[in-house]
Amino acid sequence: TDIETYFAQHPETVRQCADLIKIVDVNQAAVALHGAADKEELFAGLVQIFTPESFDTFRRKMVCLWHGGTEMAADGVIKTLAGERRDVSIYFSVCSGHEQTLSKVIVSLVDITERKRNDAVNTARLHLIQYAETHSLDDLLEETLNEVEKLTDSLIGFYHFVEEDQQTLVLQNWSTRTKSEFCKAEGKGLHYPISDAGVWVDCVHQRKAVIHNDYADLPHKKGLFE
């Protein structure tokens with residue numbers, strides 16, 4: 001029977017499958033991955049470990065095992081106890097001797113967060129290299145900001161150049177979303193001193209990438225235009 005058809009016809013089976021699954025043991029790597037203090041924190045259940053979408057995938061794979069499969073694999077997302085999302089590859093394997101009863105299944109999680117992030121960055125770079133061949137510098141800057149926004153889940157992006165004097169900024173472009181949803185001021189090509197800029201020029205002062213996640217408490221922030 002096609003498994004998707006089976007799910008559609010027997011949704012109660014999927015729910016029952018999830019209710020029957022109990023975590024009986026985990027290794028220290030799993031404890032560390034989830035940011036738990038000890039094993040017991042993970043025994044509360046799988047629904048606390050996976051995101052809703054990934055938990056649904058997990059249940060479906062278990063039903064596949066219930067219907068004769070011995071090994072399964074899927075990608076998913078877990079939630080650490082601190083609320084962080086981590087991408088994982090999930091491997092299911094029925095323990096030897098438990099094929100008929102399906103009483104024990106080994107579930108292995110491999111953290112692929114960095115790999116997926118690197119893949120996304122490399123995909124963006126390739127896209128921008130190809131984009132640059134047929135577009136202007138101005139268009140390229142805008143598309144670069146669009147890609148960075150996707151990679152960082154940002155809402156606003158803008159691009160400045162630093163003049164040779166290392167004291168002056170020139171506004172070059174905003175991301176497509178910024179121009180359509182946020183930015184109403186006219187300022188493209190505007191020159192102004194770095195000393196007048198806000199915390200977003202900390203990257204110039206420090207000569208490295210800088211991340212601020214608590215803008216309200218920064219002591220050197222500056223106000224916005226009316």
Side-chain angles (χ1 to χ4, degrees), residues 3-4 7 14 17-18 21 23 25-37 39 41-65 69-94 105-133 135 139-159 174-178 181 200 203 208-215:
I3 198 67
E4 293 299 331
F7 288 141
V14 181
C17 171
I21 301 171
I23 301 175
D25 199 10
V26 297
N27 62 11
Q28 285 304 121
V31 173
L33 177 61
H34 289 86
K39 294 181 178 182
E41 286 196 79
L42 299 182
F43 292 160
L46 293 164
V47 69
Q48 283 80 24
I49 292 177
F50 289 99
T51 62
E53 302 81 11
S54 295
F55 184 55
D56 187 57
T57 299
F58 186 97
R59 292 187 299 186
R60 288 168 180 257
K61 292 299 181 182
M62 290 300 293
V63 172
C64 290
L65 293 177
T70 57
E71 293 183 357
M72 296 285 167
D75 285 346
V77 180
I78 64 167
K79 303 174 293 184
T80 68
L81 296 183
E84 182 184 6
R85 294 166 61 96
R86 305 292 294 180
D87 294 295
V88 294
S89 286
I90 314 167
Y91 300 94
F92 307 80
S93 179
V94 178
V105 175
I106 296 174
V107 180
S108 302
L109 303 180
V110 178
D111 190 345
I112 59 171
T113 306
E114 293 301 321
R115 190 192 78 192
K116 289 195 70 172
R117 184 177 296 140
N118 291 336
D119 287 346
V121 170
N122 288 332
T123 298
R125 285 173 173 163
L126 178 60
H127 165 65
L128 291 172
I129 290 171
Q130 296 170 337
Y131 189 90
E133 294 179 356
H135 292 80
D139 291 338
L140 178 61
L141 294 180
E142 182 174 335
E143 186 66 9
T144 299
L145 291 168
N146 294 339
E147 291 295 318
V148 171
E149 283 186 1
K150 288 188 291 184
L151 291 170
T152 60
D153 291 329
S154 297
L155 300 179
I156 297 175
F158 48 94
Y159 216 123
W174 297 271
S175 69
T176 302
R177 182 174 182 177
T178 303
E181 299 181 19
W200 52 272
C203 56
K208 66 179 183 179
V210 176
I211 298 174
H212 292 307
N213 288 321
D214 188 10
Y215 178 80

- prompt: Taking atom CD1 of Ile78 and atom OG1 of Thr113, what is their separation to the nearest 0.5 Å?
  reply: 7.5 Å
- prompt: Got a second to check how far Glu142's CD is from Arg177's CZ, nearest 0.5 Å?
  reply: 14.0 Å
- prompt: Taking only residues two or more places apart in sequence, or in another chain, which ones meet Ser54 in a side chain to side chain donor-acceptor pair (under 3.5 Å)?
  reply: Thr51
task: Apply side chain to side chain donor-acceptor pair (under 3.5 Å) to Gln28 and list each qualifying residue two or more places apart in sequence or on a separate chain.
output: none
query: Checking side-chain contact (heavy atoms from CB on, under 4.5 Å) for the pair Thr178/Glu149: CA distance, chi angles, key distance, verdict?
result: CA-CA 10 Å; Thr178 303; Glu149 283 186 1; 3.6 Å; yes
message: Going by side-chain contact (heavy atoms from CB on, under 4.5 Å), name the residues that satisfy it together with Ala74, two or more places apart in sequence or in a different chain.
response: Thr57, Lys61
- prompt: Just wondering, do Val26 and His34 contact through their side chains at under 4.5 Å, heavy atoms?
  reply: no
- line: Contacts satisfying ring-ring contact (aromatic ring centres under 6.0 Å, His included) that involve residues 107-126 (not counting sequence neighbours) are none
For residues 121-130, tabulate all N or O donor-acceptor pairs below 3.5 Å that involve a side-chain atom, not counting sequence neighbours.
{"from": "Asn122", "atom 1": "ND2", "to": "Asn118", "atom 2": "O", "distance (Å)": "3.2"}
{"from": "Thr123", "atom 1": "OG1", "to": "Asp119", "atom 2": "O", "distance (Å)": "2.8"}
{"from": "His127", "atom 1": "NE2", "to": "Glu143", "atom 2": "OE2", "distance (Å)": "2.8"}

- request: Please name all residues satisfying side-chain contact (heavy atoms from CB on, under 4.5 Å) with Asp153, sequence neighbours left out, ordered by chain then number.
  value: none
- prompt: Listed by chain and number, what are the side chain to side chain donor-acceptor pair (under 3.5 Å) partners of Arg85, not counting sequence neighbours?
  reply: none
message: Which residues pass the side chain to side chain donor-acceptor pair (under 3.5 Å) test with Asp25, not counting sequence neighbours?
response: Lys39
query: Which residues satisfy the side-chain contact (heavy atoms from CB on, under 4.5 Å) test with Leu145, sequence neighbours excluded?
result: Tyr159, Ser175
message: Can you list everything that forms a ring pair (Phe, Tyr, Trp, His ring centres under 6.0 Å) with His135? Sequence neighbours excluded, please.
response: Tyr131
message: Treating Asp111 as the side-chain partner and Arg86 as the backbone partner, does any N or O pair qualify as donor plus acceptor under 3.5 Å?
response: no
statement: Heavy-atom nearest pair, Ala73 first then Tyr91, reads CB-CD2, 3.9 Å
- line: Heavy atoms of Ala120 and Leu151 approach each other most closely as CB-CD2, 3.5 Å
- line: Residues passing the ring pair (Phe, Tyr, Trp, His ring centres under 6.0 Å) test with Phe158, sequence neighbours excluded, are His160, Trp200
query: With sequence neighbours excluded, what pairs up with Ile112 under the side-chain contact (heavy atoms from CB on, under 4.5 Å) test?
result: Asp75, Asp87, Ser89, Val110, Arg115, Lys116
